[in-house]
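All residue numbers in this chain count up from 1 along the given sequence.
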Amino acid sequence: MTFTVKKTAAGAMAIAMSLAVLAGCGGNNGNSGNTGEAANEPATNSATNAAAENTSATGGETKLSGDFTVQYFVGGYGDKWWKQVIADFKAANPDLNIKEEAGPQINTQNKPKWIAGTPPDFVYIDGPELNDRQMAEDGQLEDLTDWLQTATNVDGVKILDLLAQQPPQYGGKTYNVPLVLNSWGIFYNKALFEKNGWTEPKDWDTFISSSEAIKAAGTTPFIHTGKYPYYINSSFLFPAIVSANGNDYKLLQDMGDSKVEAFKSPQVLEALGKIVELRDKGFIDKASVSINHTDSQMLFLQNKDAYIPNGLWLPNEMSKDVPADFKFGFIPSVTQKAGDKVVANTSTSTVAIAKNAKNKEAAKAFLQFIFSESQASKFAELSGAPSNIKGDISSSAAPDFVKQAAAYLTADTTVVVPTVTFNQDVDKAMQDATVALTIGKIDPQGWVDRVVKVVEKVAK
C-alpha cells in the first residue's frame, strides 16, 4: 500500500455549511489542509447520557465485546470529540475493549500495520500519509456498498438519508463515508480591510483592484503554503478551472479520473493564467515558495499578507495566535468574473473500516453510532467544524465567518463542487508544477506539459 497526503478537490455540500457548526477547523483531501499538530484535552464526559439514549451501539440487541481499535489523526480539529464519542460508545457497550491509536503522527506510526495487513478496525482518513482513493484501490478498506444501502444509525434513521454529502465512489463501490465537511477558499482580515478602506472581494476584478491597493499601502496581497501546494490548488486553481468551464465541474472530475484530454483543455490554461497574473503583478509573497502552513498562517494573522488560500479549519487551528482585533472574512472563490457564480470547492474527511479489521461488527456499530444527530451536534461543538449531517446554523452561535461561508454555500449563486480525489502521482505533479509556475520557472503550457506526462503514465 502506498501512503500519501490526503487531499480533496472538495466535497459536495450545498447545505453542509448549514450544519450545526461553531467554527471552521479542519482537514486536506483534504487533508483538507488539516496538518495541525496540537491535541486538545478531553471534553466533559457525557457517557451516562449516551448510555441512556443508546442501549447498544447497534440500536438494540447485539452485545459487542472483544477488542476494538480506532485510528484517528489529531490535527486542526483536535481530539475532544473523538475522546467524547469513544467514551459514549464505551458506555453504551461496556463489554467492548476500545483501543485508541491517535495523535498528529499516527498515520506515519501506523503505516507498518497497514502494510503488514494488521491495521486498526476503524480509521479516520485525514492528515498526512493517508489517501482514501489509494487505500480503496489498494484493497485496504472494507466494501460498504451493500451494507450502506440499508444501514441505519442508532436512532433508526437511514444513514444515507442523513448525509449532506454522499460517500465517494471508487469503481462504483463505496469504501468510506464523509464525516467532516469544510470549504476551501480565500481568507482575509475584515478589520484590516475596514481600517484601510479596501474593497472586500466579490470576484476577480475586485480581488485584483483590492490587491493593487493593498500593495500600494505596503502590504503583500497574497501568501500561500508552498510546502503544501494543495492549499493554493484547492482554494484558487480548481475553482478557477470550474469558472473557466462555465461553472461546470465535470472538467475537474475528468481530471480526477486522470483523463489526459481534460488537462489539455483551454479552460485549464485560462485558470493557470490567473496565477501568472498574481505572480507578474508582484502580489505573491516570495516566502510562499517553501513556507509551511503554520508559518504562512502566522504571517497572515500578523497582517503581513492580506489574503491566504486555506480551509475553514484555519481559525480553530490557529486559535491561540489570533489577535483580539482580527476579524476573519471568507469567500469560497475569487477567480469568477463579475456577476458570475462563486465556486465552493469543499473538502471532506472520511471514516472507513479496514478490510482486515478483526472486529468488523464493532466497527460497523461505531459507524452507526457516530452518524447520529446528537453526535453531529457534539462534533460541531467540540471540533469547531461542520459534521456531514444535515442541519441548520441560522440561529447558532457560529462565528461570523462561518455564517458568511454558510451564506455562500447555501445560495443559488454558488456552484458547489462534489469531492474530487486525484491519483496521488498526478496530484503531486500538479502541486510541484504550481509552485514552479508561481516563481516563473514555467508558464501555463509548461504546467500542462509536466502534469500530462504523469497523467499519461497513470492512465496506461
- request: Report yes if some heavy atom in the side chain of F222 is under 4.5 Å from a heavy atom in the side chain of P309; otherwise report no.
  value: yes
query: For residues E212 and S209, is any side-chain donor paired with an opposing acceptor at under 3.5 Å?
result: no
- prompt: Atom OG of S288 and atom CG of L299: how far apart are they, to the nearest 0.5 Å?
  reply: 8.5 Å
- prompt: Are side-chain heavy atoms of F207 and K202 found at a separation under 4.5 Å?
  reply: no
- prompt: In Å and rounded to the nearest 0.5 Å, what is the CG to OG distance from N182 to S347?
  reply: 5.0 Å
query: Does D248 use its side chain to pair, donor to acceptor, with the backbone of K250 at less than 3.5 Å?
result: yes
task: Could you list the residues that satisfy ring pair (Phe, Tyr, Trp, His ring centres under 6.0 Å) with F300, not counting sequence neighbours?
output: F326
message: With rounding to the nearest 0.5 angstrom, report the CD1 to CG distance, I125 to N131.
response: 8.5 Å
N176: partners by side-chain hydrogen bond (donor to acceptor under 3.5 Å, both in side chains), with sequence neighbours left out: D132, T350
query: Distance only, no hydrogens: is a donor on one side chain within 3.5 Å (strictly under) of an acceptor on the other, for Q297 and N310?
result: yes
- prompt: Looking at side-chain heavy atoms only, is the closest gap between N107 and Q71 below 4.5 Å?
  reply: yes
message: Please determine whether side-chain contact (heavy atoms from CB on, under 4.5 Å) holds for the pair F283 and T220, giving the CA-CA distance in whole Å, both sets of side-chain angles, and the decisive distance to 0.1 Å.
response: CA-CA 6 Å; F283 290 165; T220 306; over 6 Å; no
task: Determine the minimum heavy-atom distance between P167 and T174, stating which atoms define it.
output: CB-CG2, 3.5 Å
- prompt: So how far is it from Q375 CD to L179 CG, rounded to the nearest 0.5 Å?
  reply: 10.0 Å
task: Anything under 30° is parallel, anything over 60° is perpendicular, the rest tilted; go ahead and classify F193 against Y188.
output: tilted
query: Is the distance between the ring centroids of F371 and F366 under 6.0 Å?
result: no
- prompt: Would a 4.5 Å heavy-atom cut-off, applied to side chains only, mark F68 and K99 as touching?
  reply: no
message: With a 4.5 Å cut-off on side-chain heavy atoms, are V342 and V415 touching?
response: no
field: Nearest-0.5 Å distance that lies between atom CG in N423 and atom OG in S258
entry: 5.0 Å
- request: Decide whether S210 and E200 meet the rule of one side-chain donor and one side-chain acceptor closer than 3.5 Å.
  value: no
- prompt: Shortest non-hydrogen contact from H224 to I291?
  reply: O-CG2, 3.4 Å
query: If we ignore angles and hydrogens, is there a donor and acceptor under 3.5 Å between the side chains of D257 and Q253?
result: no
- prompt: Which pair of heavy atoms, one from S243 and one from V343, lies closest together, and at what distance?
  reply: OG-CG2, 3.4 Å
task: Indicate, with yes or no, if the rings of Y231 and W184 have centres closer together than 6.0 Å.
output: yes
- prompt: Side chains of S372 and S374: do they bring a donor and an acceptor to under 3.5 Å?
  reply: yes
- prompt: Can you name the nearest heavy-atom pair linking A262 to M255, along with the distance?
  reply: CB-CG, 3.8 Å
- prompt: Taking only residues two or more places apart in sequence, or in another chain, which ones meet N292 in a side chain to side chain contact (heavy atoms under 4.5 Å, CB included)?
  reply: K227, Y228, T294, D295
query: If only atom types and distance count, is the side chain of R279 paired as donor or acceptor with the main-chain N or O of L437 below 3.5 Å?
result: yes
Donor-acceptor contact below 3.5 Å, side chain N196 vs main chain W198: no
task: For the residue pair I353 and D121, establish whether any side-chain heavy-atom pair is separated by less than 4.5 Å.
output: no
query: Does the separation of the ring centres of F422 and F238 fall below 6.0 angstrom?
result: yes
- prompt: Step by step, would you call T348 with N388 a side-chain contact (heavy atoms from CB on, under 4.5 Å)?
  reply: CA-CA 9 Å; T348 180; N388 190 32; 5.9 Å; no
statement: One should read off an interatomic distance between D325 CG and L192 CG, to the nearest 0.5 angstrom, of 9.0 Å
- prompt: Do the two ring centres, one from F187 and one from F330, sit under 6.0 Å apart?
  reply: yes
- prompt: Does the distance from a Lys or Arg side-chain N to an Asp or Glu carboxylate O, for R133 and E137, drop under 4.0 Å?
  reply: yes
query: Would you say the side chain of T225 lies within less than 4.5 Å of the side chain of Y230, judging by non-hydrogen atoms?
result: no
Any donor-acceptor N or O pair under 3.5 Å, side chains T206, D203: yes
- prompt: Is a side-chain donor or acceptor of E101 paired with a backbone partner of N110 at a separation under 3.5 angstrom?
  reply: no
query: Should the pair D449-K453 be classified as a salt bridge under the 4.0 Å nitrogen-to-oxygen rule?
result: no
query: Are any non-hydrogen side-chain atoms of I86 and W81 less than 4.5 angstrom apart?
result: no
- prompt: Do the charged groups of K378 and D88 touch, with an N to O distance under 4.0 Å?
  reply: yes
message: Looking at every heavy atom in both V448 and L269, which two are closest together, and how far apart are they?
response: CG2-CD2, 3.7 Å
- request: Provide the closest heavy-atom pair for E373 versus L162 in the form atom of the first, atom of the second, distance.
  value: OE2-CD2, 4.1 Å
